[in-house]
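These notes concern the structure reproduced below.
Naming convention: chains lettered A, B, ... in sequence-line order (proteins, then strands); numbering from 1 in each chain. Note that the coordinates shown come from a computational prediction; the quantities given were computed from them, not determined experimentally.
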Protein chains: 2
Amino acid sequence: MSPKSETRKEEIVRVAAQLFKEKGYTAVTMRDIAAKMGIKAASLYNHITSKQDILDAVIISLAEAFTNGMQSIKSSNNNTIDKLKQIIQLHVKLSSQNSYAMASLNNDWMHLEERLDYYKKLRVEYEDDFRTILVDGITASDIIEANPEVMLFSILTTLRSLYIWIPKKEDLNLEEFTTTLYQILIEGIINK
Amino acid sequence: MSPKSETRKEEIVRVAAQLFKEKGYTAVTMRDIAAKMGIKAASLYNHITSKQDILDAVIISLAEAFTNGMQSIKSSNNNTIDKLKQIIQLHVKLSSQNSYAMASLNNDWMHLEERLDYYKKLRVEYEDDFRTILVDGITASDIIEANPEVMLFSILTTLRSLYIWIPKKEDLNLEEFTTTLYQILIEGIINK
DNA sequence: TGATGAAACTAACAGTTGTTAGTTTCATAA
DNA sequence: TTATGAAACTAACAACTGTTAGTTTCATCA
C-alpha cells in the first residue's frame, strides 16, 4: 500500500523524537520508547545500536536538510528579498514536516557526542550563509543599515521556534502563514 | 562588604541554573551541582529539600518577574508603540540579568511538578496581556492589520531567546541593543 | 517437513540516580 | 571552658538507567 513503508528503525526514531520533544532526550528512557511501541526495551536493540544512535538519527538528517536547502538558496541568482522569502519557506516546510525532530535540534544537540562537532560545523556554516545574504542585502540597499548580527539573531530565533507553534494551529494554511511571517519579519508591524 | 550577601541556598540555585543551561535539568545530577560548589551531594540537603525544589526556585521567581513587569506596562497609559518598547526593554533587562535561569524557563518548565500549573497560568496570562496590546494597537491603527497570533509568536519567540545570544556579546551596550531590536522587530528590515 | 532468520521475549548486569541517617568539624556564645 | 548549631562529612539505600546474553516465537521458503 505505502510506496516505501517505514522500517522498524525509522519507526523507533520517529517515536523517540516525539518523546524527546515532550521531555527532552535525557528524561526519556529506552523503556519509555519501547512502551510507546508496545514492545520491551531490549527489543529495540535488534534495530538500533544505542540510545545515542537514535539521537544522532533524529538530529543529523534534519540538520543536513537545512544545509541542503541553504545551498540551493545561496546558489540561486535571486535578490536579497527573494532569498529571505526562500529561507522563511524552507523553515516553515521543514518545521511543519519535522516538528518533533526540530525540538531535539534546538534543545538536545548538546547531548550529541561523536557527531557534536559535525553538527556545530553545519550550524555555523548555515549562520554564515544567512549572514552573508543579509550583509550583501545591506550593501545593495535592499535592507536597512542595522546591525546584521541582531537581524540574524532576531529572524533566525523566530524561524527556529516555528516547531513550537505550527503544530498547535490545526487548520493552518502554510502558504498564507509563510506570507504573513514574511510581512512581519521583514516589513515590520508598524503602521507608518 | 556586599550589602546583602548571598545565602547558601541562593548560591546553590545560582550554580544549578548555570548547569541546567549547559545540559538541561534532567542531565544535571546533585553530584554535579555539589562538585561545582566544592562539597558533597549530601551536604546540599542542609539547604534545600530536593532537586525539584531547586528547579522551582530557578523558574518561578523569574516567571513572576515577567508577570510583574507586564502588569506595570499594562497599567500605564502609553500608546501601543511605547508599550512594545517597554516589553522589549523588560526582556532585555531580565534576560541579561538572568541568562542562566532563562534557559530553564524556556526548556525545563515541563519538569516542574506541583508548580507546573501555576507556571502555565503565569505564561498564559502574560501572552494574553501581550496579545491584547497588539489587538488594541491594530484597532488604533498603530500597527498593521496582520494576524495578531503570528505577530505575538514572532516577537515573543525572539524575546524569549535573548538569553542565548546576549551573553555571547561581551561588550554589548544594552541600551543601544534594545533600540536596534525595536527597530528590527517593529519597523522591519526592508528598505522601502 | 524442516531450516532459516528476523524480531520479539526474559533475566540480569553494573553503574548512576536522588535521598536519608548518623557523625564530625569548628566558629561563636555563654 | 563548655555548649550550641550550622554545615560539612561518610556510608548506604532502593530505584532506575542503558545495555547484554541467551531464548522463544513464528512467518517464509527450500
Side-chain angles (χ1 to χ4, degrees), chain A residues 1-2 4-60 104 107-116, chain B residues 1-2 4-60 104 107-116:
Chain A
M1 193 52 53
S2 51
K4 198 212 272 176
S5 92
E6 191 182 47
T7 68
R8 202 73 167 131
K9 169 157 183 177
E10 286 164 351
E11 189 186 351
I12 292 171
V13 171
R14 179 174 54 80
V15 167
Q18 289 181 40
L19 292 171
F20 293 166
K21 181 177 179 187
E22 283 171 34
K23 311 203 287 177
Y25 173 71
T26 315
V28 173
T29 70
M30 296 302 278
R31 286 163 180 83
D32 289 338
I33 299 169
K36 187 147 185 174
M37 299 185 65
I39 61 177
K40 300 290 172 182
S43 306
L44 295 170
Y45 289 84
N46 287 315
H47 309 282
I48 51 102
T49 68
S50 65
K51 189 188 179 189
Q52 187 69 56
D53 184 33
I54 300 175
L55 185 67
D56 293 350
V58 170
I59 292 183
I60 298 296
S104 294
N107 304 320
D108 289 321
W109 58 267
M110 71 284 276
H111 299 117
L112 292 171
E113 293 180 358
E114 284 96 31
R115 316 210 67 174
L116 179 58
Chain B
M1 193 52 54
S2 52
K4 198 213 272 176
S5 92
E6 190 182 47
T7 68
R8 202 73 167 131
K9 169 159 183 176
E10 287 163 350
E11 188 186 352
I12 292 171
V13 171
R14 179 174 54 78
V15 168
Q18 290 182 40
L19 292 171
F20 293 166
K21 181 177 178 187
E22 283 170 35
K23 311 203 287 177
Y25 173 71
T26 315
V28 173
T29 71
M30 296 303 278
R31 286 163 181 84
D32 290 338
I33 299 169
K36 187 148 188 175
M37 299 185 65
I39 61 177
K40 300 290 173 180
S43 305
L44 295 170
Y45 289 83
N46 287 315
H47 309 283
I48 51 102
T49 68
S50 65
K51 189 187 178 190
Q52 186 69 56
D53 184 33
I54 300 175
L55 185 67
D56 293 352
V58 169
I59 292 182
I60 298 296
S104 294
N107 304 320
D108 288 322
W109 58 267
M110 71 284 277
H111 299 116
L112 292 172
E113 293 180 359
E114 284 95 32
R115 318 209 65 174
L116 179 58

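- For the side chain to side chain contact (heavy atoms under 4.5 Å, CB included) with A:I33, the lone residue among A:I39, A:V13, A:L44, A:I48 that qualifies is A:L44.
- The listed nucleotides are C:dT10, D:dA8, D:dA11; the one nearest the side chain of B:A42 is D:dA11.
- Contact annotation: the side chain of B:V58 never approaches that of B:Y25 to less than 4.5 Å [non-hydrogen atoms, C-beta and beyond].
- As rounded to whole Å, 18 Å separates atom P of D:dA6 from atom CG of B:L44.
- Of the side-chain N and O atoms in A:H47, one or more sit less than 4.0 angstrom from OP1 or OP2 of C:dA8.
- In this structure, B:I54 places its CD1 atom 14 Å from P of C:dT17, rounding to the nearest Å.
- Atom-to-atom, OH of A:Y45 to P of D:dG22 comes out at 18 Å; the value is rounded to the nearest Å.
- Among the protein residues, A:R31 comes within range of the nucleic acid bases, having at least one heavy atom under 4.0 Å from a base atom.
- The base of C:dA8 sits with one of its N or O atoms less than 3.5 Å from a complementary donor or acceptor on the side chain of A:N46.
- Distance, B:E6 CD to D:dA7 P: 13 Å, rounded to whole Å.
- Rounded to an integer number of Å, the gap from NZ of B:K40 to P of C:dT19 is 18 Å.
- Going from atom CD of A:E11 over to atom C1' of C:dA8 covers 13 Å, rounded to whole Å.
- Nucleic acid contact for B:S43: base, since at least one base atom lies under 4.0 Å from a heavy atom of the residue.
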